[in-house]
> 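So that we are looking at the same thing, I have put the structure below in structure tokens.
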Amino acid sequence: MARRREKRSSATESSERRHNRRDVSKPRDGEPESDRRLITIFVVFFIVIPAVSMAVYKVKFADRVVIETEPSIRQKGIIKTDIHFQEILTEHSKASENSSARHYDYPVLAYITPWNSKGYDMAKIYNSKFTHLSPVWYDLKSQGSGLVLEGRHNADKGWIQELRSRGNAMILPRVVLEAVPEELLKKKKLRAKAINLIVTECKEMEYDGIVLESWSRWAGYGVLHDPNMRKMALQFVKHLGDALHEQHMQFMYVIGPPRSEKLQMYDFGPEDLQFLKDSVDGFSLMTYDFSNAQNPGPNAPLKWIDLTLKLLLGSSNNVDSSLARKVLLGINFYGNDFAISGGGGGAIIGRDYLALLQKHKPTLHWDKESGEHIIMYRDDKNIKHAVFYPTLMSILLRLENARLWGIGISIWEIGQGLDYFFDLL
């Protein structure tokens, strides 16, 4: 498989500096030996050693140390609750030229979808800001009495090669498990076939592992209400993770947030997290889509996020740090445009949001409870709309929340956001 490439850097001195540097080892006429010795000690301890130490530090922590040569987005004064629509229109495309700066050291998983090609470009430009990239390429489906893994036609080897030449982000395509769960989970040979298909594809395509999405599908089929089927489902996930680890690959698993404070059989809970923690490298937690067209509102209220994390991890003051780091808080780079009168509406991405700002010139209202901005407008049919789309302020609050909990983040998806969102990562 393709392994992560290590960056190597070397410190060289210019010929001019070498020319101007005095040879301290050569005595000067009339200079006492003791003075020369003191000068030598001074140069070694106060010039040479610090210089070498700095060079070693820069090499060792190359991915973490960034020298800012321009004002960062955090210094521009545009991360605020009282943002004006014109500030967004003016600033959204002015992303920092330093595309490798990282403000957080936790894992960052970013999804890319084939139907939104901007994500492929963002992955290349901001490669160093991510630890894992997951192109949404594969589906594992039932075919007669067997299985088929579809999606290789989506894979772009040239894009992967370019990503690996630019940074160290690992490539873990997403696989959605569409196979009929009653058949897959009950038959040992079929489970083994599914695992073999996935591992073989990773080896042949030189991926670094996969992201698997199956829990929501299993919940939809109703199989998680059966204790025995639920146990087999967890065992399958565990065996797949172990098989990938044997090949030195990584495995991430998509989980949904509990639907209420009281966990149900179909919810992924803390005991499941404990059971899978050694077989899974990251749990991609879908903390978005809190609201829908039938119940309009914010995308991911902060209180709901904290409640979800508390249900999974316990109190933020007494959390297992090694386990918490495997939980990746879902952050949406898309929004929702809801029709208030008559219902309806749906997802909205960056370019559409900018068009709304340009056309309607709305006032942005800050909802303190949810930690999100909202705009209101009336369409050509005089129907009132409420739009919840992420802003610098709402994203920053969630990034900081992840830091406080000691967890990572997962972004759905990077082709849907505004360019300057990436400066926050």
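Heavy atoms only: backbone and side chains are in, while hydrogens, waters and symmetry mates are out.
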> side-chain hydrogen bond (donor to acceptor under 3.5 Å, both in side chains), that's the test. Do D156 and W137 meet it? Break it down for me.
CA-CA 10 Å; D156 187 337; W137 285 344; over 6 Å; no
> Here's a test for you: under side-chain contact (heavy atoms from CB on, under 4.5 Å), which of L328, L312, L276 qualifies with F283?
L276
> Counting only heavy atoms not in K231 (residues, nucleotides, ligands), do more than 12 fall under 6.0 Å from its NZ?
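No - once you tally the heavy atoms of other residues, nucleotides and ligands closer than 6.0 Å, there are 12 at most.
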> Are more than 12 heavy atoms from other residues, nucleotides or ligands located less than 6.0 Å from atom NZ of K80?
yes
> How would you list, by chain and number, every residue that makes a salt bridge (Lys or Arg N to Asp or Glu O under 4.0 Å) with D337, sequence neighbours excluded?
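So D337 forms no salt bridge (Lys or Arg N to Asp or Glu O under 4.0 Å) with any residue.
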> Does atom CD (Q161) have a neighbourhood of more than 12 heavy atoms from anything else shown, all under 6.0 Å?
no
> Centre-to-centre under 6.0 Å for Y389 and H373, is that the case here?
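They do not qualify: ring centres at least 6.0 Å apart.
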> Taking side-chain contact (heavy atoms from CB on, under 4.5 Å) as the test, write out the residues that go with L263, two or more places apart.
P258, D267, P270
> Excluding sequence neighbours, so at least two apart, what forms ring pair (Phe, Tyr, Trp, His ring centres under 6.0 Å) with H84?
none
> How would you list all residue pairs meeting ring pair (Phe, Tyr, Trp, His ring centres under 6.0 Å) that involve residues 306-328, not counting sequence neighbours?
none
> Please walk me through it: do K186 and E182 pass salt bridge (charged side-chain N to carboxylate O under 4.0 Å, His left out)?
CA-CA 6 Å; K186 287 182 178 179; E182 288 90 344; over 6 Å; no
> Spell out, as yes or no, whether a donor-acceptor pair under 3.5 Å connects the side chain of R398 to the backbone of N332.
no
> Measure from the side-chain N and O atoms of S134 to the backbone N and O of Y111, and report whether any donor-acceptor pair falls under 3.5 Å.
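The answer is no, because no donor-acceptor pair under 3.5 Å joins these two groups.
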> Of all residues at least two apart in sequence or in a different chain, which pass the side-chain hydrogen bond (donor to acceptor under 3.5 Å, both in side chains) check with D419?
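For D419, the residues satisfying side-chain hydrogen bond (donor to acceptor under 3.5 Å, both in side chains) (neighbours in sequence not counted) are K118.
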> Any sub-3.5 Å donor-acceptor pair from N292's side-chain atoms to Q294's backbone N or O?
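Yes: the side chain of N292 pairs with the backbone of Q294.
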> Tell me every residue that passes side-chain contact (heavy atoms from CB on, under 4.5 Å) with S341, counting only those two or more places apart in sequence or in another chain.
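side-chain contact (heavy atoms from CB on, under 4.5 Å) list for S341, sorted by chain: I383.
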> Hey, are K326 and D320 close enough for a salt bridge, meaning a charged N less than 4.0 Å from a carboxylate O?
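Salt bridge absent between K326 and D320.
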> Are the side chains of I411 and F421 in touch, meaning some heavy atoms are under 4.5 Å apart?
no
> For a quick check under 3.5 Å, do H245 and D278 share a side-chain donor-acceptor pair by atom type?
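There is no such pair between these side chains.
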